[in-house]
Amino acid sequence: MSIQFWLLDINSEIRNGSPEVWLWGIDDTNRRVLLIDRSFLPYFYAVVSPSENPEQVLERIRDLGKEFPLIRDLELLDRKFFGKQVKVIKVTCTDPDSIVTYSKKLKRVPGVENCLEDSIRYIMRYLIDKEVRPCRWHQADVEEIEDISGIIADNIYVIRSALKYIERAELPAFRVLGFAMIEYSRTGTPKPEKDPIVILSASTNKGNGIQILADKDENAIMQGFISYVKENDPDVIVGYGTNQRDWPYLLTRARKLGLRLSLGRVNGEPHTSMYGHISITGRANVDLSDFSDELTSVKIRTLENVADALNVFRLKDRTIIEETDLAEYWEDSKKRIALKKYSLENLSSIMGLANPTMEYATELSALVGLPLDNIGVTAAGFRVEWVLIREAQHFGELVPEHREYPYFTYEGGMVLKPKPGVHENVAALDFKSMYPNIMISKNISPDTYLDPKEGDYQGAFTVTPEVGHRFRSEPPGFYKEVLTRLIRVRDDIREKLKTLSKDSVEYRLFDARQRAVKVITNATYGYAGWLGARWYVKPVAEATAAWGRYSIRSTIELADKLGLDVIYGDTDSIFVSHDSMKVGLLSKRVREQLGLEIKPDKIYIRILFTEAKKRYCGLFPDGHLDIVGLEVIRGDWAEVAKNVQEGVLGILLREQSPEKAVDYVQRYVSELLSRRVAFKDLIIWKTLAKPVGEYAVKAAHVEVAKMLMKQGWSFTLGDKIGYVVTVGRGKLYEKARPHSMVSYDEVDLDYYVENQILPAALRILEQFGVSKDSLTKPLQNREA
DNA sequence: GCGACGAACTTACCC
DNA sequence: ACGGGTAAGTTCGTCGCG
């Protein structure tokens with residue numbers, strides 16, 4: 001029989017001495033299925049030294065049979081390594097665990113230059129070789145087998161054919177289970193070794209929620225959660241911060257209570273897997289917080305802030321309880337009602353985030369080829385790398401091992417000095433995917449690079465401006481092939497989107513797909529210059545950036561010739577006066593002469609630059625401000641400073657009245673001085689970027705973190721520390737206090753005026769001839 | 001001993 | 001744990017100064 005299924009999770013087992021790939025999925029009749037593939041054996045490649053006779057080397061290995069009893073097959077093949085033809089022996093083994101040890105041993109056999117691809121794990125090898133993609137539909141001929149004990153599935157099959165990919169823009173009807181928990185510690189951060197979980201709220205996308213309290217007995221929570229998962233048999237389990245916090249906490253508590261957290265579709269506990277995510281066999285554990293860094297406008301990416309930004313649960317409707325107050329809310333029976341509500345609202349936010357996140361997560365998982373429960377925790381560089389590894393297979397290119405390289409920087413994009421002041425009618429022109437298109441048009445790739453050590457080259461090649469790197473023009477390189485395909489796929493999706501209704505499921509999925517493709521395409525240049533990359537070749541990144549500078553320089557020259565005033569530019573953009581005719585001519589010439597596309601991305605009625613690069617504010621025709629780089633959009637300035645700066649920008653760009661702006665600042669300052677601005681607007685948030693002991697100088701947020709740590713609070717890297725500056729003598733770091741420990745009358749308002757509001761306001765107002773004196777003098781009069 | 005100055009450290013941004 | 005380029009605040013050492 002034949003079935004169609006959507007691939008949810010993958011694991012491998014060794015049964016009866018043979019490896020098996022287990023594919024967990026949902027079929028097109030909405031049954032939970034397990035498909036077992038017994039047809040695939042792991043392998044690696046032994047690269048034959050160029051001076052050796054490949055057949056002889058193969059025989060030499062064959063003769064060592066006794067030392068390698070688990071080798072099943074040896075096959076001589078042609079492959080490329082960094083573009084060079086090589087002979088390899090594909091060494092197929094019967095046991096995935098033997099791959100690494102065998103490859104190490106084989107490296108010592110004479111005639112074997114190196115062994116490759118032994119680091120690609122069995123299930124990934126399977127997915128790549130069989131062209132199977134997680135989160136996509138596949139068809140297979142299967143044979144049903146009787147139950148294997150302990151497995152939760154509607155049907156279990158053995159696969160009898162190759163899997164066939166089915167293009168279907170549709171997600172199965174998942175059963176999604178979300179959960180949120182609250183732990184109790186009288187003071188400080190709860191520690192799983194001693195502090196119990198007191199509230200656990202869970203629900204499914206069918207809506208049957210539960211909330212379990214641990215009045216006397218935490219067992220109720222643990223047992224309740226385990227049976228809730230069993231009863232609902234979810235495909236996907238979501239939460240916020242579950243990989244870092246909830247799962248490790250649950251596992252430690254369970255161990256403490258002598259319980260087993262059997263939550264998988266086989267009898268197993270959640271366990272740590274590739275790249276450090278928590279895996280639950282047969283289900284997809286998805287931590288929604290792993291996808292929140294895409295929301296760069298949200299500066300403190302808490303669940304409530306992210307839910308607010310995505311319109312899932314508005315902050316104004318939320319019960320918010322500070323971490324420092326949780327214990328008190330649990331202890332007080334009246335306040336506990338609010339705590340229960342808070343937990344339910346966390347859960348509801350999680351359930352709301354699940355849908356939009358899953359659309360993107362499944363598309364990214366399918367594109368990259370990493371399992372759904374894995375993709376979120378996988379760093380951007382590795383996502384690109386897995387796309388490349390998959391493509392390398394088709395390209396006949398061997399996957400290099402990561403090596404250690406010395407760190408040297410190289411010159412990057414070019415940033416122009418802006419023309420300070422206000423400009424009217426400005427167009428910001430952008431190159432379309434500049435770096436990827438440069439890599440394509442110049443054939444810049446690890447396998448086309450001509451190392452100077454190799455001497456002269458007879459065929460056609462390009463020489464990179466400024467840095468002189470050479471790349472073969474033919475044949476098309478690995479990156480060129482991959483990037484061309486990615487760009488074409490994205491263009492096709494975007495065409496298709498035009499034909500779809502914006503609120504259809506299909507539209508949302510294809511939109512998520514094109515976003516995923518874009519992210520990967522744009523990250524390829526960064527990948528090329530990343531020391532951790534398997535395909536790290538510095539000249540690839542360096543040459544791409546050099547051609548980028550060349551392109552923007554040439555574009556500026558073309559603009560000059562057309563009489564277009566270039567006001568600013570950064571890497572792949574130039575800001576010019578908005579003259580449609582000339583802009584059209586410019587993009588025509590750029591296309592003809594540089595082979596790159598440039599087009600207006602944004603049109604401003606009016607735009608303000610200061611002397612600084614990377615900071616400006618434009619006014620769109622619809623009245624909105626486009627604020628870039630300035631304090632308004634930085635997360636490490638107090639809200640008061642950001643408010644004032646935004647107000648000033650609005651008045652200056654919309655009403656063009658410096659007088660009004662000055663007045664606005666002065667009014668705001670007097671509001672502040674009479675303590676009429678909200679206390680939370682005085683908190684300054686900064687990221688703890690390293691362990692507190694590793695800082696070379698004393699910094700306010702670090703000293704504040706230390707104070708909190710003395711009281712039992714603990715922090716992990718990346719946590720935001722919120723502090724308020726209080727009155728007193730000394731350095732800033734001596735006056736900063738945790739925001740939770742400061743009362744309004746202790747605040748050093750003068751600091752906020754002098755070091756927050758005035759600098760932020762003056763940065764803008766200076767462009768209009770307003771000095772600090774003219775801003776503050778009348779203020780003193782007003783006070784007097 | 002103390003203020004001016006600038007380098008170093010630090011964060012967060014742009015593309 | 002993808003790149004380099006940049007702004008900006010705070011700390012901290014150094015230098016000059018009877």
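Per chain, numbering begins at 1; letters A, B, ... match sequence-line order. Here the structure is a predicted model, which is why all the values come from computation and not from measurement.
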Closest to the A:Pro759 side chain: C:dG4, C:dT11, C:dG9?
C:dG9

Working to the nearest 0.5 Å, report the span between OG1 of A:Thr571 and CZ of A:Arg549.
10.0 Å

Starting the side chain at C-beta, find the nucleotide from C:dG9, C:dT10, C:dT11 nearest to A:Val697.
C:dT11

When you get a sec, tell me which of C:dG4, C:dC12, C:dA1 is the closest nucleotide to the side chain of A:Ala379?
C:dA1

Of the listed nucleotides C:dT11, C:dT6, C:dG4, the one nearest the side chain of A:Leu732:
C:dT11

Note: chain A reaches DNA chain B at heavy-atom distances under 4.0 Å over the stretch, first to last nt, 5' to 3', of B:dC9 to B:dC15

Counting only side-chain N and O atoms of A:Arg615, is one of them less than 4.0 Å from OP1 or OP2 of C:dA8?
yes

How is A:Tyr435 classified with respect to the nucleic acid when contacts are heavy atoms under 4.0 Å: base, sugar-phosphate, or nothing?
nothing

By the 4.0 Å heavy-atom rule, please label A:Ala689 as base, sugar-phosphate, or nothing.
sugar-phosphate

Nearest-nucleotide pick for A:Lys731, side chain only, options being C:dA7, C:dA1, C:dT11:
C:dT11

Polar side chain donor-acceptor pair, A:Asp287 to A:Tyr240, under 3.5 angstrom:
no

With respect to the phosphate group of C:dA1, does any side-chain polar atom (N or O) of A:Arg383 fall under 4.0 Å of OP1 or OP2?
no

Whether A:Tyr407 contacts C:dG4 is assessed here as follows: a side-chain N or O lying under 4.0 Å from the phosphate OP1 or OP2. Is that the case?
yes

Residues from residues 625-645 of chain A lying under 4.0 Å of DNA chain B - heavy atoms:
A:Val628, A:Gly629, A:Ile633, A:Arg634, A:Gly635, A:Asp636

Check every strand shown and say whether A:Tyr616 touches a base, only sugar-phosphate, or nothing at a heavy-atom separation below 4.0 Å.
sugar-phosphate

Under 4.0 angstrom, heavy atoms only, what part of the nucleic acid is A:Arg549 near: base, sugar-phosphate, or nothing?
nothing

Please classify the nucleic acid contact of A:Gly529 as base, sugar-phosphate, or nothing, using heavy-atom distances under 4.0 Å.
sugar-phosphate

Atom NZ of A:Lys698 to atom C1' of C:dT11: distance rounded to whole Å?
11 Å

